[in-house]
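To start, the structure itself, in structure tokens.
Note that this is a predicted model, so its numbers are computed, not measured. Any value given below was found using the heavy atoms of this structure, including those in side chains, with hydrogens, waters and symmetry copies removed. Just so we're on the same page: letters track the sequence lines, and every chain starts at 1.
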Number of protein chains: 2
Amino acid sequence: MALWIQISAGSNEPIYMQIVSQISEAIAKGEISAGQKLPAMRKLAAELVINPNTVARAYSELEQAGLITTKTGSGTFVNDPKLRTIDAANINILAERMDSIVARGINLGINASDLAAMFRGRVDSFINKSQKREKENERDST
Amino acid sequence: MALWIQISAGSNEPIYMQIVSQISEAIAKGEISAGQKLPAMRKLAAELVINPNTVARAYSELEQAGLITTKTGSGTFVNDPKLRTIDAANINILAERMDSIVARGINLGINASDLAAMFRGRVDSFINKSQKREKENERDST
DNA sequence: ATAATGTATTAAGAGTACTAATACGCTTTA
DNA sequence: TAAAGCGTATTAGTACTCTTAATACATTAT
């Protein structure tokens, strides 16, 4: 378990957001499992050569999103996916973001079928990794 | 043809971006057709009670995205969709945005099938409107 | 106790978003 | 040709965000 997070300083995306995105996606893909401990804020900050407050900001966002839980003195841990609840407001935000992508894709000249297929492909790549992980975990615990 | 653009001042999304999004989606849905003239910057600014420069900023973004063309002295017009070219760089950006949405959806507890179906639904709603428009245009020109 | 971890506060610099005021150049139209 | 309409460009200022920095504090683990 080393350092899977890569930040690019030249990006227009804020550093704390890059961290949020990468950890979010890692959790969705099952690359980090429930209960697992994330790197300590100071350590991660040192490895990425950024300020600890920036990491704290990222972890704070992730906690607010319900993905992790921080315990003072102990560390930061990934939540159990089963605890997550589907909120209507979040669904709406997701729908709006989808609309934005759909408009962008169509305006780029991509037809409807290709666009849907593309999205399906991205979903599958998440699920495949997630299922791989589950198998590995089963084998490990055996 | 009145004013379909609605901006909310309290939104965290910048005003010029709200304009960009709404016009982009309107173009994708075919609610604005190729060759059609957009509202003059000053007029739109007056109607929305915002600064003309903000509208100029929005139109500038749309032009850079290849969706519209501005002609000094004449006005701003929607481009012909057939002229749009699919760029690899844009596809990658689209893929990244999809990944972000997929992670978000899965982490919210939505399963893969539902997520893909949801996206498909958004795509269809665009296409349906687009086709409706095409029929109306055929009828009008008859 | 000591080390490790997260929390909180305050301050400052850099960059971005938006508004504002204004002037200029091109095109259409009377 | 002159006026009106439209987009372009520049400069300035205010407000907000991102990031770093320097600390100090509270809780937990060893």
Review point. Can any side-chain N or O of B/S60 pair as donor or acceptor with the backbone N or O of B/A56 at less than 3.5 Å?
Key: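 No, B/S60 side chain to B/A56 backbone: no donor-acceptor pair under 3.5 Å.
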Check your understanding: If only atom types and distance count, is the side chain of B/K37 paired as donor or acceptor with the main-chain N or O of B/S74 below 3.5 Å?
Key ->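 Side chain of B/K37 to backbone of B/S74, a donor-acceptor pair under 3.5 Å: yes, one is there.
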How close or far is atom [atom2] of [N] from atom [atom1] of [X], stated in whole angstroms?
{"X": "A/R57", "N": "C/dG6", "atom1": "CZ", "atom2": "P", "result": "18 Å"}
{"X": "A/L38", "N": "C/dT5", "atom1": "CG", "atom2": "C1'", "result": "13 Å"}
{"X": "A/R42", "N": "D/dT20", "atom1": "CZ", "atom2": "P", "result": "16 Å"}
{"X": "A/N53", "N": "C/dA12", "atom1": "CG", "atom2": "P", "result": "16 Å"}
{"X": "A/Y16", "N": "C/dG15", "atom1": "OH", "atom2": "P", "result": "18 Å"}
{"X": "A/I50", "N": "D/dA21", "atom1": "CD1", "atom2": "P", "result": "11 Å"}
{"X": "B/N51", "N": "C/dA20", "atom1": "CG", "atom2": "P", "result": "6 Å"}
{"X": "B/L48", "N": "C/dC18", "atom1": "CG", "atom2": "P", "result": "14 Å"}

Exercise for review: Name the residue closer to the 5' end of DNA chain D, choosing between B/T70 and A/S74 according to the nucleotide with the nearest heavy atom.
Suggested key: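 Its nearest nucleotide being more 5', the pick is B/T70.
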**Study point:** 5' priority, DNA chain D, between B/T72 and A/G73 [closest heavy atom]
**Key:**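 So the residue in question is B/T72.
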Exercise for review: Check B/R122, B/K29, B/E25 against A/V102 for a side chain to side chain contact (heavy atoms under 4.5 Å, CB included) and give me the one that passes.
Suggested key: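 Answer to the side chain to side chain contact (heavy atoms under 4.5 Å, CB included) test with A/V102 among B/R122, B/K29, B/E25: B/R122.
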Exercise for review: Go through C/dT7, D/dT20, C/dA17 for me and flag the one nearest to the B/P14 side chain.
Suggested key: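 Ranking C/dT7, D/dT20, C/dA17 by closest atom to the B/P14 side chain puts C/dA17 first.
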Practice item. Verify the contact: side-chain N or O of B/T76 to OP1 or OP2 of D/dC6, cut-off strictly under 4.0 Å; return yes or no. Key: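 Checking D/dC6 against B/T76, no side-chain N or O comes under 4.0 Å of OP1 or OP2.
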Practice item. Answer yes or no: is there an ion pair linking A/E61 with A/R57, defined by an N-O contact shorter than 4.0 Å? Key: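 Looking at A/R57 together with A/E61, the answer is yes, because their closest N to O distance falls below 4.0 Å.
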